[in-house]
Amino acid sequence: MNHLFMARAIELATENVRSGQGGPFGAVVVKDGAILGEAANRVTLTNDPTAHAEVLAIREACRKLGFFELKDCDLYTSCEPCPMCLGAIYWARLARVYFGSLAADASQAGFDDSLIYREIAQPRPERGIPMIQMMREEALAALRAWQKKSDKIQY
């Protein structure tokens, strides 16, 4: 745990608000005491709802490493990660996550993720956005092809 990395994540978040570039979130990916990726929220700047600080920092770190896993890396983020960022964190296989403010703090500032957590727990037919399965047998062809592929890169 390094307070300088958390301070950098918070600095990115604060500067992002001051500059009008986006929301109050910043993140830093660190490996062996060096920053591999850092970012601030860019959702409104880029009109990209996935442009959260954590996701952008993970993307930058993976680009620098030339690999899709960050097993030996830590993430420092100014706020407890949302469900989307949490998914990215697990897919990237980060070693640890350090966060500043709580999801409840973000909710009080207008960034409420509780709906998403509730929706995930709901059966598909009961979710607010309809989730309709179709063409399962046809879609299974891609999964079967993957299972048979001998030179696949596991992830």
Side-chain angles (χ1 to χ4, degrees), residues 1-103 105-106 109 111-113 115-117 119-121 124 129 131 133 135-155:
M1 168 173 34
N2 187 317
H3 289 80
L4 294 175
F5 297 130
M6 180 58 78
R8 178 63 181 150
I10 294 167
E11 178 184 24
L12 288 164
T14 304
E15 178 53 33
N16 207 42
V17 173
R18 286 191 183 128
S19 69
Q21 299 290 306
F25 305 100
V28 176
V29 175
V30 176
K31 181 177 182 178
D32 299 329
I35 294 175
L36 288 179
E38 65 176 30
N41 178 285
R42 293 286 187 257
V43 170
T44 56
L45 181 70
T46 61
N47 294 317
D48 178 356
T50 69
H52 288 202
E54 296 92 336
V55 171
L56 297 175
I58 287 169
R59 287 176 184 166
E60 183 180 334
C62 287
R63 256 191 315 274
K64 282 187 181 170
L65 288 177
F67 198 57
F68 57 86
E69 290 182 353
L70 301 172
K71 285 184 178 180
D72 299 322
C73 299
D74 294 333
L75 176 73
Y76 292 80
T77 180
S78 62
C79 186
E80 186 176 4
C82 76
M84 178 184 69
C85 293
L86 194 57
I89 288 163
Y90 275 96
W91 280 115
R93 295 172 178 85
L94 284 148
R96 278 169 297 282
V97 175
Y98 300 98
F99 62 93
S101 57
L102 297 168
D105 301 325
F111 300 92
D112 189 1
D113 299 331
L115 168 70
I116 299 170
Y117 284 109
E119 284 288 298
I120 290 170
R124 283 185 295 278
I129 297 174
M131 302 280 168
Q133 183 182 19
M135 298 180 67
R136 179 173 181 245
E137 286 305 314
E138 293 84 349
L140 284 172
L143 295 174
R144 289 182 185 122
W146 174 258
Q147 288 174 314
K148 291 177 184 175
K149 187 172 174 60
S150 61
D151 61 344
K152 63 187 166 212
I153 299 172
Q154 294 286 349
Y155 62 98

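Just so you know, residue 1 is the first one in the sequence shown, and it goes up from there.
The shortest non-hydrogen separation linking Ala95 to Asp74 is CB-OD1, 3.7 Å. Pairing each heavy atom of Arg59 with each of Asp48, the nearest pair is NH1-OD2, 4.5 Å. Of all non-hydrogen atoms in Phe99 and Pro81, the two that sit nearest each other are CB-CD, 4.4 Å. Of all heavy-atom pairs between Ala53 and Ala39, the closest is CB-O, 3.5 Å. Listed here is the closest heavy atom pair of Leu56 and Ala51: CD1-O, 3.6 Å. When all heavy atoms are compared, the tightest approach of Met6 to Tyr76 is N-CD2, 3.7 Å.
Distance NZ/Lys31 to CG/Leu94: 11.5 Å, rounded to 0.5 Å. The distance from atom CG of Leu140 to atom CE of Met135, rounded to the nearest 0.5 Å, is 11.5 Å. How far CZ of Phe68 is from CD1 of Ile153: 6.5 Å, rounded to the nearest 0.5 Å. Here Arg124 contributes atom CZ and Glu119 contributes atom CD; the two are 13.0 Å apart, rounded to the nearest 0.5 Å.
Heavy atoms from other residues, nucleotides or ligands lying under 6.0 Å from NZ of Lys152 number more than 12.
At a threshold of 4.5 Å between non-hydrogen side-chain atoms, the residues Glu38 and Leu12 count as touching. Contact annotation: the side chain of Leu36 approaches that of Leu65 to within less than 4.5 Å [non-hydrogen atoms, C-beta and beyond]. Using a 4.5 Å heavy-atom cutoff, the side chains of Glu80 and Ser101 are not in contact. Using a 4.5 Å heavy-atom cutoff, the side chains of Pro24 and Thr14 are not in contact. Contact of the Leu75 side chain with the Glu54 side chain is registered, since non-hydrogen atoms from C-beta on lie closer than 4.5 Å. Asn41 has its side chain within reach of Asn16: a pair of non-hydrogen atoms, C-beta onward, lies under 4.5 Å apart.
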task: Show your working on side chain to side chain contact (heavy atoms under 4.5 Å, CB included) between Ile35 and Val29 and close with a plain yes or no.
output: CA-CA 6 Å; Ile35 294 175; Val29 175; over 6 Å; no
task: Evaluate the criterion side chain to side chain contact (heavy atoms under 4.5 Å, CB included) for residue pair Val30 and Asn2; output intermediate values, then yes/no.
output: CA-CA 10 Å; Val30 176; Asn2 187 317; over 6 Å; no
- request: Could you please spell out the steps behind the side chain to side chain contact (heavy atoms under 4.5 Å, CB included) verdict for Leu70 and Arg93?
  value: CA-CA 6 Å; Leu70 301 172; Arg93 295 172 178 85; over 6 Å; no
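Using modelled atom types, no side-chain atom of Thr77 and backbone atom of Ala27 make a donor-acceptor pair closer than 3.5 Å.
Centroid-to-centroid, the aromatic rings of Phe25 and Phe111 come within less than 6.0 Å.
At a threshold of 4.0 Å, the pair Arg63-Glu60 does not count as salt-bridged, since none of the basic side-chain nitrogens sits closer than that to a carboxylate oxygen.
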